[in-house]
Structure formats: structure tokens, C-alpha cells
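The structure under discussion appears below in the form of C-alpha cells.
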Amino acid sequence: MAITDAGKLFESEATNRAISLALGQTVKAGSLLLMALGGQRSGANLDVASITDTKGNAWDWKTLPSSYRMAGVAWCRTPVAMTTSDRVTVTWNGTPSYCWKSCHAFEGAAGTPTEEETRSGYATSASVTLNVTGSDWLTFASLTFPYDYGVSSTPLNSSTSQDDNGNTTAAPWCECVSRNGTTGSTHTIGLGSLATSLTYAMVGVSFPYEALTAPPVPKAGTAFLIGV
């Protein structure tokens, strides 16, 4: 058993209330798609209104709505393969003043989370402890630092930084981290070693192992000639 990091599908900083994003690579049937979300909205909380895709898959999400430090993770386990012709549409509950979306694919993870948690605060590290189950598991977290840019940090507990918005001259800073592990009952995921205490918001989600769903195999047919 193993959960495989299958790569980045798209990233966007467009502030459209609704935006349709094409996949940057093909996705196998049974893959788990995980999307990190972060953003701000002037005068009202920013949250997800809906997420859809061209295959009609059901998306779920966990968010920490906020006007200035929104963070979230959305997920979908697609039962059929997807191609670069397929698109994912994210619709917000209002027009963001800033928003970031980064989607990644993993193979061998279930579509139902073991745990979903939110966390916010002001500290030199940003983390959340998630329950994990099974001989192979995946944790994934999205983080937003609303007042900062060019953040220098270290992923905690063997986590890997999957992506960040790379802003060097303007806030906020958004980043997502993940970890595929094989031992333990909990995993603390996030970012540490911040140079100073920062305001943050984050959402963390964990998933157990589940084998890829194989695409249906067409049944072989036999042609018959009438009257022969």
C-alpha cells in the first residue's frame, strides 16, 4: 500500500467570484484531488459557495471563513479519469479582494477524511494535530498569513511544502503542505521556525489509504453475420 503524490494540477490568484480552471495534467481514476484555498474579502467574510467540475464529481470542503485570513481545503475523489480538457470551477460567496487556489492530485488515498480541523492564532509556528489511521495515511493543510509576504519557514514533522503564492512585495502569504506517513495515530502538520510571531489561519485534513478505482474495462464482443 502507498499514497503517491501525483503532482500539481493548477494554481490561480485570479479574484473572480467564479473561475473555471483547466487541469494541467491527466488524473487517474480513483485519485484524490486536494485544493488549498486562501484569501481575503473587503467588508465581509470570504467563504466557498460551490465547487464543481466537468466530470460532475462531488466536492467537499472545510474552511475557516474570514474577511482577512480565510483558509480552506477542498477535496474530491474522482471515480473516472480526468484529462487536461476537464475543468474545476470555484465559486466564492462574494468577490474576493485576494484569493489563491492550488490543486494537487494524490493516488491511493480515500475520499472520506479521517479528521478535519481549523486553527488560527498569532505565533512563531502554525500547526494543527490530526488523527491518522491505517498503515498509510495522508495529511494536507492550507495556511494564510494575512499581513505578510515572502514568509520563510520550515514544514513541520517531515511535511513537504506543496506550493505557495510566492508573493514578495504584497500580503497575504498562502501556502499548502502535505505528508504521507506510515506510522503513528496523530500527525502535527504546519509551518514552524517563523522569524517572528505572525497572525495565521489554517485548515488541516487527513485521509487513510484506499486503492485506486480502476477504470471500467469494456466487455469484449463477438460480431455475428445474420444468415451465415
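All residue numbers refer to positions in the sequence shown, counting from 1.
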The reported gap from CD1 in I3 to CG in L138 (rounded to nearest 0.5 angstrom) is 5.0 Å
Results of side-chain hydrogen bond (donor to acceptor under 3.5 Å, both in side chains) for S31 - residues two or more places apart only = none
Separation between CG (L64) and CG (N45), nearest 0.5 Å, reads 9.0 Å
Please tabulate, for side-chain N and O atoms in residues 183-194, each donor-acceptor pair with protein atoms closer than 3.5 Å (sequence neighbours left out).
| residue | atom | partner | partner atom | Å |
| --- | --- | --- | --- | --- |
| H187 | ND1 | T139 | OG1 | 3.1 |
| H187 | NE2 | N157 | O | 3.0 |
| T188 | OG1 | T129 | OG1 | 2.7 |

Does S197 have any side-chain contact (heavy atoms from CB on, under 4.5 Å) partners at least two apart in sequence or in another chain, and if so, which?
-> Y122, T124
Nearest 0.5 Å please: distance from the OG1 atom of T84 over to the CG atom of L23.
-> 8.0 Å
Who are the side-chain hydrogen bond (donor to acceptor under 3.5 Å, both in side chains) partners of S153, not counting sequence neighbours?
-> none
What's the spacing between C176 SG and M35 CE if we round to 0.5 Å?
-> 11.5 Å
Could you note down all residue pairs passing salt bridge (Lys or Arg N to Asp or Glu O under 4.0 Å) where residues 191-212 supplies at least one of them, sequence neighbours left out?
-> R77-E210
Are any of the side-chain heavy atoms of L46 and N93 separated by less than 4.5 Å?
-> yes
May I ask you to check whether over 12 heavy atoms, not counting those of Y149, lie within 6.0 Å of atom OH?
-> no
Y147: what forms a ring-ring contact (aromatic ring centres under 6.0 Å, His included) with it, not counting sequence neighbours?
-> Y68
Show the numbers, then the answer: is there a side chain to side chain contact (heavy atoms under 4.5 Å, CB included) between D136 and N180?
-> CA-CA 7 Å; D136 209 41; N180 175 204; 3.3 Å; yes
How far does OG1 of T63 sit from CE of M70, to the nearest 0.5 angstrom?
-> 5.0 Å
Run the side-chain donor-acceptor check on residues 162-169: report pairs under 3.5 Å with partners two or more places apart or on a different chain.
| residue | atom | partner | partner atom | Å |
| --- | --- | --- | --- | --- |
| Q162 | OE1 | H104 | ND1 | 3.4 |
| Q162 | NE2 | D5 | OD2 | 2.9 |
| Q162 | NE2 | S178 | OG | 2.8 |
| D163 | OD1 | K8 | NZ | 3.4 |
| D163 | OD2 | K8 | NZ | 3.0 |
| D163 | OD2 | S102 | OG | 2.8 |
| D164 | OD1 | G166 | N | 2.9 |
| N165 | OD1 | C174 | N | 3.1 |
| N165 | ND2 | Y98 | OH | 2.9 |
| N165 | ND2 | P172 | O | 3.0 |
| N167 | ND2 | P172 | O | 3.1 |

Are side-chain N/O atoms of D53 and W59 paired as donor and acceptor at under 3.5 Å?
-> yes
Measure the shortest side-chain to side-chain distance between V73 and K62 over non-hydrogen atoms and say whether it is less than 4.5 angstrom.
-> no
R41: salt bridge (charged side-chain N to carboxylate O under 4.0 Å, His left out) partners, not counting sequence neighbours = none
Inter- and intrachain pairs under salt bridge (Lys or Arg N to Asp or Glu O under 4.0 Å), touching residues 24-33, at least two apart | K28-E107
Output yes when a side-chain donor or acceptor of E117 lies under 3.5 Å from a complementary backbone atom of M202, and no otherwise.
-> no
So, the side chain of T95 versus the backbone of R17: is there a donor-acceptor pair under 3.5 Å, distance only?
-> no
Non-neighbouring partners of C99 that pass side-chain contact (heavy atoms from CB on, under 4.5 Å), sequence neighbours left out = W92, P96, K101
Ignoring hydrogens and angles, state whether a donor on the side chain of S67 or Q40 is under 3.5 Å from an acceptor on the partner side chain.
-> no
With sequence neighbours excluded, residues passing ring-ring contact (aromatic ring centres under 6.0 Å, His included) with W75 = F207
For the residue pair I51 and T91, establish whether any side-chain heavy-atom pair is separated by less than 4.5 Å.
-> no
Kindly compute the distance separating CH2 (W173) from CG (D148), expressed to the nearest 0.5 Å.
-> 10.5 Å
With a 4.5 Å limit on heavy-atom distance, are the side chains of F140 and R179 in contact?
-> no
With sequence neighbours left out, which residue pairs that include part of residues 85-98 fulfil the salt bridge (Lys or Arg N to Asp or Glu O under 4.0 Å) condition?
-> K55-D86
Strictly by modelled atom types, are T78 and N57 linked by a side-chain donor-acceptor pair under 3.5 Å?
-> yes
Does any non-hydrogen side-chain atom of T52 lie less than 4.5 Å from one of V88?
-> no
